[in-house]
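In what follows, residues are counted from 1 in the order of the sequence shown.
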Amino acid sequence: WQSISNNIPKGVLSFALKACSNGLNTPDNLKRWGIRKTDKCELCKCRSSLEHILNWCPIALNEGRFTWRHNSVLNHFAITIKKNTNQSLEIIADLPTFWLNGGTIPPDILTTSFRPDLVIINRSQKKIELLELTCSFEKNIESAHIRKAKKYNDLKVDLERVGWVVQLIPFEVGSTGQITKRNKKALIDVLKRNHIKVNNNNLFKDLSKISLLCSYSVFQAHCVPNWRDPPYLHP
């Protein structure tokens, strides 16, 4: 988020700074500071920390708050790829505006219930790339990467059995905007392999900003029940 600090509202910048130092007015901090007697989440009644609010609250999860952040990031990434790719590539994403018969793997390639977040298909070379996005709290980024790789390994094997060359790329954007060097390199490699010409720095800044803005909105509403999904956020 430091790279986008000059292009975000002051309130969001303050949120980002305090998130890094665990200085936000989360229920656990308010109890620790003697301001309130309980550290329970207003929604689910579990112990509530910043990590809980941004990633783990089951009520927030069921209401789609975290999915909205994930899909906002994915939507911008998919649109950027689509705008800058050549016509020989097919871009399919797990979003209503990008779906193919409700899925992301064309049935003529493989019949499967798996729906990777974003699929890049080069039919002339019989190559397919499976990208899976996680927007997670920074402490869990590496474990999320391993989990997603395992989840889609069977799909990768099935596609290879029917003759496709497959790349499986789990990548992560932190819930407060962090994108690690490993994740940046993985995405740059995807863009290079597929001759997709975008400004890498601008792309990473945009993805970071969207995740941060969404998390700020999720945090601001952490005591508000009955979430209604707003439109996808844009940088």
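Contact between Leu24 and Leu50 at its shortest, heavy atoms only, is CD1-CD1, 3.7 Å. Contact detail for Pro96 and Tyr232: the closest heavy-atom pair is CD-OH, 3.9 Å. Closest of all the heavy-atom pairs between Arg69 and Asn55 is NH2-OD1, 3.6 Å.
Between the side chain of Ser215 and the backbone N or O of Ser175 there is at least one donor-acceptor pair closer than 3.5 Å. Ser14 contributes no side-chain N or O that, together with a main-chain N or O of Lys10, makes up a donor-acceptor pair within less than 3.5 Å.
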*Under the side chain to side chain contact (heavy atoms under 4.5 Å, CB included) rule, what do Val190 and Ile120 come out as? Steps first, then yes or no, please.*
CA-CA 9 Å; Val190 170; Ile120 303 174; 3.8 Å; yes

*Take Ile179 and Leu207, measure what side chain to side chain contact (heavy atoms under 4.5 Å, CB included) needs, and give me the verdict at the end.*
CA-CA 9 Å; Ile179 305 178; Leu207 298 180; 4.1 Å; yes

_As a quick check of understanding, evaluate side chain to side chain contact (heavy atoms under 4.5 Å, CB included) for Val73 and Leu133, giving each step before the final call._
CA-CA 9 Å; Val73 174; Leu133 167 67; 3.8 Å; yes

*side-chain hydrogen bond (donor to acceptor under 3.5 Å, both in side chains) assessment of Ser124 paired with Asn122*: CA-CA 6 Å; Ser124 63; Asn122 187 325; 2.7 Å; yes

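Residue pairs satisfying the salt bridge (Lys or Arg N to Asp or Glu O under 4.0 Å) criterion with at least one member in residues 124-134, sequence neighbours excluded, are listed as follows: Glu129-Arg193, Glu132-Lys148. Sorted by first and then second residue, the salt bridge (Lys or Arg N to Asp or Glu O under 4.0 Å) pairs with a member in residues 99-109 read Asp108-Arg123; sequence neighbours excluded. Identified under the ring pair (Phe, Tyr, Trp, His ring centres under 6.0 Å) test for residues 104-129, with sequence neighbours left out: Phe114-Tyr152. Here ring pair (Phe, Tyr, Trp, His ring centres under 6.0 Å) pairs that include residues 67-88, with residues two or more places apart or in two chains, are Trp68-Trp227, Phe77-Phe171. Within the structure, salt bridge (Lys or Arg N to Asp or Glu O under 4.0 Å) contacts touching residues 14-30 (residues at least two apart or in different chains) are Asp28-Arg47. Judged as a ring pair (Phe, Tyr, Trp, His ring centres under 6.0 Å), not a single pair has a partner in residues 22-46 (not counting sequence neighbours).
For the pair Asp117 and Leu131, the minimum side-chain heavy-atom distance is 4.5 Å or more. Using a 4.5 Å heavy-atom cutoff, the side chains of Ile121 and Leu89 are not in contact. The side-chain heavy atoms of Ile53 and Cys41, taken from C-beta on, include no pair separated by under 4.5 Å. With a 4.5 Å cut-off on side-chain heavy atoms, Thr85 and Asn194 do not count as touching. Side-chain contact between Leu212 and Ile8 is present, with at least one heavy-atom pair separated by less than 4.5 Å.
With sequence neighbours left out, the side chain to side chain contact (heavy atoms under 4.5 Å, CB included) criterion links Ile79 to Asn75, Lys83, Phe98. With sequence neighbours excluded, no residue satisfies salt bridge (charged side-chain N to carboxylate O under 4.0 Å, His left out) with Asp229. Residues that satisfy the ring-ring contact (aromatic ring centres under 6.0 Å, His included) test with His222, not counting sequence neighbours, are Phe219. Here Ile59 pairs with Leu43, Cys44, Cys57, Glu63 under the side chain to side chain contact (heavy atoms under 4.5 Å, CB included) rule; sequence neighbours left out. Every salt bridge (charged side-chain N to carboxylate O under 4.0 Å, His left out) that Lys185 has, sequence neighbours left out, goes to Asp189.
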Please table the atom pairs, donor to acceptor, closer than 3.5 Å between any side-chain atom in residues 156-165 and protein atoms at least two apart or in another chain.
| residue | atom | partner | partner atom | Å |
| --- | --- | --- | --- | --- |
| Lys156 | NZ | Glu160 | OE2 | 2.7 |

